[in-house]
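Here the structure comes first, spelled out in structure tokens, and everything after it is commentary.
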Amino acid sequence: MERSSVFDMIGPVMIGPSSSHTAGVVRIGRVGVKLLGGVPDEAEIIFYNSFAQTYEGHGSDRAIVAGLMDFDTDDARIKDAFDHAKDKLTYKFRSVGNASTKHPNTVFLRLKKGDKKIELEGESRGGGVIRISNFNGFASGFTANLHTLVVTTDDAQGSIAFISDIISHDDCNIATMTVSRKGKNDVACQIIEMDSGINDITLQYIRHIKWVHDVIYIPVI
Amino acid sequence: MCFLFDSFEGWKTYSQTHNQQLHEVVLDYEKEQKGASESDIWSGLAKAYQVMKDAVHTGTTEEMKSRSGMIDNGAKKVANSDITVLSPEFKLLISSALGAKEVNSCMGRVVAAPTAGASGILPGVFTTLQSIHHLEDQTIYEALLIGAGVALILEQKASLAGAVGGCQAETGSAAAMASAGIVYCLGGSTDQIFNAAGITIQCMLGLVCDPVAGLVEVPCVVRNASAAAIANSSAQIALSHVSSVIPVDECAEAMGEVGQSMESRYKETAQGGLAATKTGQALAKKILIQDIEILPSQDAEED
């Protein structure tokens, strides 16, 4: 788990009545935009547990739509996010209570842009701090407070060492790394949090490796 | 290797062995853990404090009526009241804390310190303290760093989220941050700073999160005012060399324990306490749209 910043404690500067229900939710939406590679055309949004009953009252519905429009946490347009999303993004909300295995403030997103579809699950942990607990069925735990690389690969021997070696040659220190796979010799996903940004040429190199399916780079959000 | 804010005792020992003031330990943490430059940290704190000052000003001068109608210019009413219960300074503290929080309830811009639900406390406390004692902004920035250190520890030992630890985790943490900051600004020792935080936690312990209609309005706004008052009473007590008896680390652990054993209806779910009262439920019915689908459990759902 990545450590919090002084500016998670004295911050963020934000719009909306509750940091768990607004600032954190905006950030989860923005991670969704980065993972999808752009603002979605369609979004299915499920609010869990504490979120399920209070998302309207706390403005979490506006916050997630604002995040999916890639608005920042202190953007004054959050208040009117539904108006701004008109003609750009269709969305529907669902609530699920009592999901005891999930964090009290969990939101699930199923996003679509053209042919591309992704799913992610984020936890809003208070004060705008988030944790992305799942991406496309792969367990994860990144916070978007660091530079994050999401690499989907074949479940091949040596792939972890290979990718981390490339990153180290770009002078990036790995802070945390989560690796999981669908099954043996199936698809695996490496989620790597780094202390500094990565160069585009390194990303291109990783993309060209034949057992790499997809590379997503998320700078600090 | 910087200090990682896992305990108050450790913070004190580290500051002594490294011959640093408490806020300098926080500064080094941010520099090392986040790669931030010192000038960026100071300008970040300056920006945060400016937003806090603006929120107090907006909340006490502009129209502050929330969409639900439950918040209706409370800060202005206090500021303009003919009656002064204790002193003009106390009235200023209360109206400032209310005002900054009302801005937040009305979808305005605030600093979540540590959370938006508690965003009136530090602004109310520090703007009032600054006006009474004519403090430099720089002193307030250092106090904010100390507050951040307090919150970093509370985040590890307890929680800062109402949904995890109840209202004590939000307004209680903010009040502890503020009281530590007050003692620092008025020249208190490390022990006095920690005693103030400990005493504040003792006063805020057990407070449940029971927002009427699930909105961060009632009782959140008035609790920002009372938490600001408690931060000041604790600072007064600690600065007078009164001990918290239970060390602040243990107070923080108690807050974590109480938060964990609190039933979920008292953790921001709007199902217990004031939210569950007759009037609270009637308000919820009136304010919130009722046709929200609630499935019995995730386990029963195929996703």
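Labels below follow one simple rule: chain letters A, B, ... track the order of the sequence lines, proteins then strands, and each chain is numbered from 1. What you see below is based on every heavy atom in this structure, not just the backbone, and it leaves out hydrogens, waters and symmetry mates.
- L45(B) touches chain A through backbone and side chain together, each having a heavy atom under 4.5 Å away.
- Only the backbone of K267(B) comes within contact range of chain A, judged by heavy atoms closer than 4.5 Å.
- Here the closest non-hydrogen pair linking I10(A) and M177(B) is CD1-CE, 3.8 Å.
- Proximity to chain A is absent for every atom of L154(B), based on heavy atoms less than 4.5 angstrom apart.
- With a 4.5 Å cut-off on non-hydrogen atoms, D195(A) does not touch chain B at all.
- Only the backbone of C106(B) comes within contact range of chain A, judged by heavy atoms closer than 4.5 Å.
- By the ring-ring contact (aromatic ring centres under 6.0 Å, His included) test, Y29(B) pairs with F5(B), sequence neighbours left out.
- Using a 4.5 Å cut-off between heavy atoms, L144(B) touches chain A through backbone and side chain atoms alike.
- A side-chain donor-acceptor contact under 3.5 Å links E268(B) and H21(A).
- The minimum heavy-atom distance linking L152(B) with S5(A) is given by the pair CD2-O, 4.4 Å.
- Contacts between E217(B) and chain A at a heavy-atom distance below 4.5 Å are absent for every atom of the residue.
- Heavy atoms of D74(A) lying under 4.5 Å from chain B belong to its backbone as well as its side chain.
- Put simply, of K101(B), M52(B), Q33(B), the one with the most heavy-atom pairs under 4.5 Å next to chain A is Q33(B).
- Contact of P17(A) with chain B is made through backbone and side chain together, with heavy-atom distances under 4.5 Å.
- With a 4.5 angstrom heavy-atom cutoff, V51(B) touches chain A only via side-chain atoms.
- Considering all non-hydrogen atoms of both residues, M9(A) and E155(B) come closest at CE-OE1, 3.7 Å.
- With chain B as the partner, the residue from P12(A), S20(A), P104(A) showing the most heavy-atom pairs under 4.5 Å is P12(A).
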